[in-house]
Each structure stands twice: as C-alpha cells, then as structure tokens.
Amino acid sequence: MLTLTVFGASGKTGRRLVHAALAHGHTVRALVRTPASFEARPGVTVVPGDVLDLDAVSRVLEGADGAVSALGGGATSDPGNVRSQGIANIVATMARLGLTRLVALGGGGVLNATNRPGLRSEQPTYPEVFRRVTAEHRRAWETMRDSTLDWTYACPPDIPDREATGAYRVLANVMPDAPKALANGDLAEFMVREWTLREYSRSRVGICG
Ligand SMILES: NC(=O)c1ccc[n+]([C@@H]2O[C@H](COP(=O)([O-])OP(=O)(O)OC[C@H]3O[C@@H](n4cnc5c(N)ncnc54)[C@H](OP(=O)(O)O)[C@@H]3O)[C@@H](O)[C@H]2O)c1
C-alpha cells in the first residue's frame, strides 16, 4: 500500500484520482484550498493549503511515497499560472524530500504531432482558444523533463466527467489515431495504475477514448 499525495483533489478529475487511489488500496494526502467543501472520507488526509505556497506543498508531501496531480482552474483563455508554477513547486519539493515518482495531467497540445515536426500545438491548425492553457501545460512538462524525477505526463483530449469504462488507448509521446473524448474516470484509473507500473517513465502519454 502506498500513500499518494493528490494535487487538485477537489476538481473533477482529482476527485476521481482520490477514488481510484483508494480503490487500489492506497491512502491519500490531499492538498485542498477549501476543506469545508471537500468530502471527508476514510483513507484521505486533508491538508489545507494552496499549491502556490511552498510550505503547504511540503506539508502535504511529507509522509507520502509520491504524487499525482490534476491541477487546473481558470478559464481556457486565461488559465493563470497554477499548472506551471504548481508543478514547479511540486517538483522542487519532491526533489528536496527525496521523492521521485510524479504522474501529472496535462493536455493533448503538448504531444508530438503525428507525421510532422513539432508539437500538436505548434501546428497552424491548432485551435487558438487552447494556446494559453497549452503554454501552461508545456511549461509544466518542461519543468518535469528538466528535473531528475521519474515523471509521467498524461495528455488527453476532452475529458468529460464520467465513470471509468475500461476502454481507452495510450501511446508514448503522440495521440492515438482518431482520438475520442476520454471519461475522466478512465484517466484517473490510468494515472494511478501508471504510478506503480512505470510503463511510461519520463514520458508524455497520449491517452484517449
Ligand atoms: N476538462 C477537459 O476537458 C480537459 C481536457 C484536457 C486537459 N485538461 C486539463 O486537466 C486538468 C484538470 O482538469 P479538471 O477539469 O479536472 O480541472 P478542475 O475541475 O478545474 O480542477 C482543478 C483543480 O485544481 C485545484 N487548484 C486550482 N488552483 C489551485 C491552487 N492555487 N492550489 C491548489 N489547488 C488548486 C482546484 O482546487 P479548487 O477546488 O480549490 O479550485 C481543483 O481541485 C487541467 O490542467 C486541464 O487543463 C482538461
């Protein structure tokens, strides 16, 4: 049994990460900004705080074996810096504490384009509306890539808030062909399993329905 710190645990995907971690027999440490609105449950230790506060990040990582992250928030067109600075704080704190394994959630724009040079988000057809949030995901990826951690970056297309179906496809560094939306329950299941399996260490993963 592991103790996993979950970042973004109160979010749509983060809640499913908590479920998946408990279902796999792990215990959870969750960094939560508003504990009053977060469901208390056995196996989950809630640590109040903000990921932009390094002391809070230390508190929630102390005693854990590693972390999973589904940080997000803001508007797609104005995403703030939580994705990039949050991961920077997590990576720095994990390295300081001697923790190595981090499975984080990004987006499909940071995957390599298929049969073309560059990233999907660098292609002229990439939707303008996603550019700022993808830039945030990219900074988070670069922080992990430039660290010594054993990271995996799950990069999906749309992730509707749905129960796991068991039907999803994964590929290292690129999106599988003809991607369909991915139930975030499947995404959470993949991320928790991958934390232990390490099939995609130090890699981006295209994951879709
Ligand atoms: N939704 C999609 O279709 C889609 C598709 C591809 C990729 N993604 C990416 O997937 C990720 C998660 O998406 P989601 O829809 O599950 O997000 P979400 O429901 O908006 O959840 C975001 C989580 O991040 C937490 N958070 C935000 N700022 C924080 C801070 N300063 N300190 C601590 N926690 C903070 C939120 O906490 P609070 O509850 O306190 O706000 C919440 O728990 C995002 O990076 C998103 O860009 C989403």
Side-chain angles (χ1 to χ4, degrees), residues 4-21 28-39 44 46-61 67-90 93 102-111 119-121 126-127 129-141 143-144 151-164 168 170 175-176 179-192 204-209:
L4 294 180
T5 290
V6 178
F7 292 94
S10 58
K12 293 185 288 297
T13 310
R15 286 172 190 268
R16 294 192 185 271
L17 281 173
V18 172
H19 270 266
V28 166
R29 294 176 64 75
L31 184 71
V32 177
R33 290 193 292 184
T34 319
S37 57
F38 188 73
E39 182 195 354
V44 181
V46 174
V47 176
D50 191 304
V51 76
L52 300 179
D53 171 5
L54 273 169
D55 290 339
V57 176
S58 286
R59 283 197 300 277
V60 74
L61 282 168
V68 291
S69 171
L71 286 169
T76 304
S77 57
D78 187 12
N81 70 341
V82 165
R83 292 163 181 78
S84 59
Q85 191 58 49
I87 287 291
N89 288 354
I90 293 165
T93 304
L102 170 64
V103 178
L105 171 55
V110 298
L111 295 166
L119 303 182
R120 296 174 95 227
S121 53
Y126 194 73
V129 66
F130 294 135
R131 287 195 184 279
R132 290 187 68 189
V133 72
T134 299
E136 270 289 290
H137 285 147
R138 182 174 182 161
R139 283 189 278 273
W141 166 44
T143 297
M144 291 186 285
W151 54 273
T152 299
Y153 203 29
C155 301
D158 284 349
I159 45 171
D161 191 16
R162 289 191 206 130
E163 295 291 322
Y168 60 87
V170 295
M175 190 67 86
K180 296 198 193 90
L182 173 71
N184 65 357
D186 283 319
L187 178 60
E189 176 66 18
F190 167 80
M191 290 175 69
V192 169
R204 292 159 294 159
V205 179
I207 174 166
C208 63

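Atoms within a ligand are numbered from 1 in the order they appear, just like the ligands themselves. We're numbering straight along the sequence, starting at 1. Just so it is clear, the values below take in all heavy atoms, side chains as well, and ignore hydrogens, waters and symmetry mates.
In terms of heavy atoms, S69 sits closest to I87 at OG-CD1, 4.1 Å. Residues V28 and A21 come closest through the heavy atom pair CG2-CB, 3.7 Å.
At a threshold of 4.0 Å, the pair E163-R16 counts as salt-bridged, since one of the basic side-chain nitrogens sits closer than that to a carboxylate oxygen.
In terms of modelled atom types and a separation under 3.5 Å, the side chain of T5 and the main chain of V60 share a donor-acceptor contact.
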Nitrogen or oxygen contacts under 3.5 Å, ligand 1 side and protein side:
residue, atom, partner, partner atom, Å
ligand 1, 3 (O), I159, N, 3.0
ligand 1, 15 (O), K12, NZ, 3.4
ligand 1, 16 (O), T13, N, 3.0
ligand 1, 16 (O), T13, OG1, 2.8
ligand 1, 19 (O), K12, N, 2.9
ligand 1, 19 (O), K12, NZ, 3.1
ligand 1, 24 (O), G72, N, 3.2
ligand 1, 28 (N), R33, NH2, 3.4
ligand 1, 31 (N), D50, OD1, 2.8
ligand 1, 31 (N), D50, OD2, 3.4
ligand 1, 32 (N), D50, OD1, 3.3
ligand 1, 32 (N), V51, N, 2.9
ligand 1, 37 (O), S10, OG, 3.2
ligand 1, 39 (O), S10, OG, 2.6
ligand 1, 40 (O), R33, NE, 2.9
ligand 1, 40 (O), R33, NH2, 3.4
ligand 1, 41 (O), R33, NH2, 2.7
ligand 1, 43 (O), G8, O, 3.1
ligand 1, 43 (O), S10, N, 3.4
ligand 1, 43 (O), S10, OG, 2.7
ligand 1, 43 (O), G11, N, 2.8
ligand 1, 45 (O), L71, O, 2.8
ligand 1, 45 (O), R83, NE, 3.0
ligand 1, 45 (O), H137, NE2, 3.1
ligand 1, 47 (O), R83, NE, 3.2
ligand 1, 47 (O), R83, NH2, 3.2
ligand 1, 47 (O), H137, NE2, 3.1

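Listed by chain and number, the residues in a side-chain hydrogen bond (donor to acceptor under 3.5 Å, both in side chains) with R139 are E136 (sequence neighbours excluded).
Annotation: Y126, atom OH; neighbour count of heavy atoms from other residues, nucleotides and ligands within 6.0 Å is above 12.
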